[in-house]
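Throughout, a chain's letter reflects where its sequence line sits, starting with A, and its residues are numbered from 1.
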Amino acid sequence: MRQTAPIVKSIHSATVLERRLRVYCLSVVCLLGLVGCEQAEPTSYLIPKEDRAVTMPTPVADSAETKASAPTNGSMRILPGMQAAADEAGGVTYTVPEGWEDLPASGIRKANLKVSDENGTAELTVLVFPGDVGGRLANINRWRGQLGLDDATPEDLSKFTESYSISQHPGLYVRLEGEAQSILGGLLPFHGSTWFFKFLGSSGTVLGNEAKMKAFLDSVQLEDSHH
Amino acid sequence: MKKIIYLIVYGIATLVIMGGLRSSKVDSDFDLAAFAELPVQVGGRIKPLDSVARNTLLILSGRQKVVTDEGLTLSPIQWFIDLTMRPEVADTYPIFKIEFPDDLGLVGLAEQGQRYYSFNELLPFSEELRRLHGEINPAPELRSPYEKQIADINNGLLRYHQVMHSLHPVGGPERLDRLVDEYQSYLATIQPGMIELRKQQAGEEFDAALLKRFITFADDYLKLSTTAYLRVVPPPPPVDLLEDWKNIGLELLDVMKDDPLSPYVTTYASLTMAYRSGDAEQFNHEVSELRERFIADFPDDISRVHYERVFNGLQPFYISMQLYVLIFLAVCISWLRWPKELAKAAFWVLVLAFLIHTFGLLSRMYIQGRPPVTNLYSSAVFVGWGAVLLGIFIEKFFKNGIGAAMASLVGFCTLIIAHHLAMTGDTLEMMRAVLDSNFWLATHVVIITFGYSAIFLAGTLAILFVLLGVFSSRFNKDTARSLSAMVYGIICFGTLFSLVGTILGGIWADQSWGRFWGWDPKENGALMIVIMGAIYLHARWGGICKDRGLMALAIWGNIITAWSWFGTNMLPVGLHSYGRMDSAYAWLIGFVIVQLVLTATALLPWRFWRSEFGQANNRKEKKRSLIAAENAEA
Amino acid sequence: MKFLFQFFSSLKLTVVLLSFSLVLIFFGTLDQVQYGIWHTQELYFESFLVVWTFPEHAPLGQHLHWIRIPMPGGYLLGGMLLINLLAAHFTRFKMSWMKCGIFLIHSGLILLLISELMTDILAVESQMPVDEGGTSNYSQGFRENELVFIDRSHPEHDSVHTIPASLLKPGKRIDVPNTPLSIRTVRYHGNAEIGRATSGSPAESIATRGAAVRMGIIVNPKPETYSEDEINTVTAFVEVIKGEDSLGTWLVSNVMDERFPPQMVDAGDRSFEIALRFTRHYYPFEIELIDFKHEKYPGTEVPFNFSSEVKVTHQDSTKNQKALIYMNHPLRYEGLTFFQASFANQDKTSIFQVVRNPGWLLPYLSVLLMGLGMCVQFGMHFFKFLRKQRG
């Protein structure tokens, strides 16, 4: 079927059709013009009494389905008898950084140090537990929870962790910045147990003492009967 | 003489089918078939262990079999049973597929010509691999091939580890050979252990040794509960289908809360012990006992689980795929010799392959309880099915082999695509909430996918037109006319279905999200297909394009449909991002380039067309321009 | 004139316009990666002209960034297609039974285009989060903001005076309706980072009254985000004027919500709470969330159903209603439609999408027309084809 020159085959005259066409074109153009007139206006209205003190739920960005969150198994069940296990794990020696206070070890704490400065205070604890206590991600998320931060996904980890050697064994250095508080930490899987070096306190104090924290970690020597 | 042709073709087809069916038989004293049918809950549905074995192996190895160093071939369920019950043996099987081991930069790992590595071979490098994994790009879409390999290996090792822990706690031979005793002593320790625990918390004197034994158990099972991948322990009857099953670790831990230990746990333990000691009788007895218990607790599900295991073995899509190759070759040969016999034989094999393909689709629908298209994999299978169905109809009308050949080509290609899509795991996965509507899945999704089938088939026919027209001297006007009619009819069909499907999608969106059209990438893609069809039809009706132009437009339909089907999934945008893919980018670009080259070929001036048809048109064109020139001068 | 007829009704024009549409949709889809769906809709499909630039972040982006492709926008193409369709009908098509299929399809198409235009102009989408056991009588926009003055002095009701944020142009003075006040925008930021000044000298602020001064708040403007998952923190410095006297300059921002104590403007005999917030639409009814269910596939975190059981209490109690809102099953009430959109607070808060679109039925009508037309048209073709084959 070829397109021949349009032959206006109808009983209406050309002028009627012209007019109709013009009318339709105009109305389409008008419709489109309406688009431009979308301006909103200032208004005022009355509403039923509102209780100002109530916290309304904050608006969430539009999404037809919420991202499913991974099941968190980060809760560390400190089963009693961890004490017995901690007793069995070897001892630890270290160098106290300048200006830090060395407190006596107690219970399952293998070491306990404290430091204060003009920004606040911070405390470093060294703990050891058998097994991996849920795994690296779970432990880091537990620390994040203590700072009021959201859980991290495995893909996020590289943003605030790096490999770090502690007592000549491969471990993990963790740097978590919260709003008021922060944590610098070390995680060391060590022959069937995991050692936790957690430096927690006011952000200013913790982050300001990062160099000393790293020096502390470098100085840590674990009693090693395996090699 | 001519009858032999039929025999040959049918014979090859039969061989293909037999070959496919035979590979599912396994020879053993142990009742592996019954073991393979034991149910587990993974990903929200109850499936047989056989499916888990196959999917895991597919993810790790890219294929559903294991070839050991001694040359022995193992079926998935054989591998699985060794993995869970004889891990020391399974660790020696080469199952981790590493395409480019040299690229990993791990000194000492790569063996010349070796693509599959065992766990023991990877073990010395695991620390290094983990470190490398921490350094790669966190966003999966942005990773380089090297980083993807690292991620794949690490995820594979993790999955291996998790599946290994699924039936019972893991340990050396000393532990696995005495699992039942271990559970007994655990059960016996719980009560006294809890008492000592309370004493310790109250600050009283307690038995440290006893407490420590209890704690060691608890800690071990706690670790197990976070590692075990499969949920093998159903809740005690009466049973609710929506209730979570527990994995081994959780069940063992829950015993501390005074829940009785589920008999499934102890039975799996005795199964392991029986297998390790080679006691086939005991093994088979335990398996049938487990099976009976499952039938009693879940009377409605046993037939579906059984069917799924049988279906896994049949591999109907693989069989169809091979038959499509046979059909294509037969038709091509039929254009050179024995036209009547080969074409007829090919036609009937096509019908057979189509029936097998249909059987596969229907089985999936039965197992999943859903309409045929639920994810990217099933859409690929369905596109092939739709194209073959249309091809059969065309063949019936035109009887020149073209319909059969092109349909089998599309069928083969889509099944290959589906095979690659299956590498990511379970293709019978559950649907997200907003997709949970059988009505819309059966209408909108199926109709749009059928539209894809039609457009691809039309595009393939157009490619045939162009290739024959430009390169083959025998392409004549009759063939050209029938091909042209085929393409036109199929595009009408495809445009109709795409339009209806898109509209249905709009209605579904209006019911779900409050707007008929949201300019979402997938919606845009579907609209582009409809517009493409409209362009073709209006160009044809208006005489704006003739044969070459129309064929070029039809080939463009391939590009637009491929973009709509896969390209829009690759964009990280919008409400439609359910079918994610990371690696097919290069394939898509390659496909588009090929189609562009073919389009350019279609638009070559007539004098380059070697065929009879092309030369006739060339002469007509020359005559027309001569006459026009003459008229201009006069 | 005859030439214009021929031009506007020609099939060639149809094919050209359709091809441009194809190109527009393709490039629009590509740009959705960086601009998000909604903004791309404005740029590409609700405009007359648009220019596509090769995105810098794409592969080879640094080298090909100079590539710019202008193309006609959605309104231009849609408008011309409409004219083309109408013109073709009135010049070339005869009314006949043979063509009635095509007539039906085309009229359905025309209706669809018009309904989409109406949706663009008239539809309003907003969000309503409701806590379990709680109620809500308003919904909020996610992109539109408003500057409000609230007078809570009356014991029976509150009086809300609002100015849409789109009117807040720096330097422009606007009267606050039904109050003796007017405002002048000193500064306006589409997105900003708000924080408190840390130790050290507090930064100078334009604000002279209110929380900004009391809490030492600093504002850092940021580029607007188009991502679906992020909110733009719309912020402004506004000077409140009564008659000829300035009552001070206030910092307002949509992040300073009910968690902050209200900022009060003292206008002599009345005092107003001043705030910038997402535009609220109040309704003459309350929705109470009785129960929210989030069902997952067993053993997984994959959701398979969300449902909210709600009770609607209208000021006119004859319109009270109970309903269950879940996926693919909205509540249509009083010209509004409520969809189950999302949830928060560990399944304790359900979030509804509220849509007011008076033209919501039009697409259904057009679909009916098109469906009928297609059955007729293709049915006729198919039977003709069959008859030819048999003959």
request  = Using the side chain to side chain donor-acceptor pair (under 3.5 Å) rule, take Glu50(A) and Tyr282(C) through it: C-alpha gap first, then chi angles, then the decisive distance, then the call.
outcome  = CA-CA 12 Å; Glu50(A) 275 185 339; Tyr282(C) 278 91; 2.5 Å; yes
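- Using a 4.5 Å cut-off between heavy atoms, Phe260(C) touches chain A through its backbone atoms (N, CA, C, O) alone.
- Rounding to the nearest 0.5 Å gives a distance of 13.0 Å between OH of Tyr45(A) and CG of Asn178(C).
- For the atom pair His154(C) NE2 and Lys49(A) NZ, the distance stands at 9.0 Å (nearest 0.5 Å).
- Ile163(C) CD1 to Ser44(A) OG: the interatomic distance, rounded to the nearest 0.5 Å, is 10.5 Å.
- The shortest non-hydrogen separation linking His157(C) to Leu46(A) is CD2-CD2, 3.7 Å.
- With a 4.5 Å cut-off on side-chain heavy atoms, Pro42(A) and Val176(C) do not count as touching.
- The closest side-chain heavy-atom distance from Asn137(C) to Pro48(A) is below 4.5 Å.
- For chain A, the nearby part of Ile174(C) is the side chain; its heavy atoms alone come within less than 4.5 Å.
- No part of Glu144(C) comes within reach of chain A, as not one of its non-hydrogen atoms sits under 4.5 angstrom from that chain.
- For Pro284(C), no part lies near chain A; criterion is any non-hydrogen pair under 4.5 Å.
- Looking only at heavy-atom pairs under 4.5 Å with chain A, the residue among Gln315(C), Glu146(C), Lys296(C), Glu273(C) that has the most is Glu273(C).
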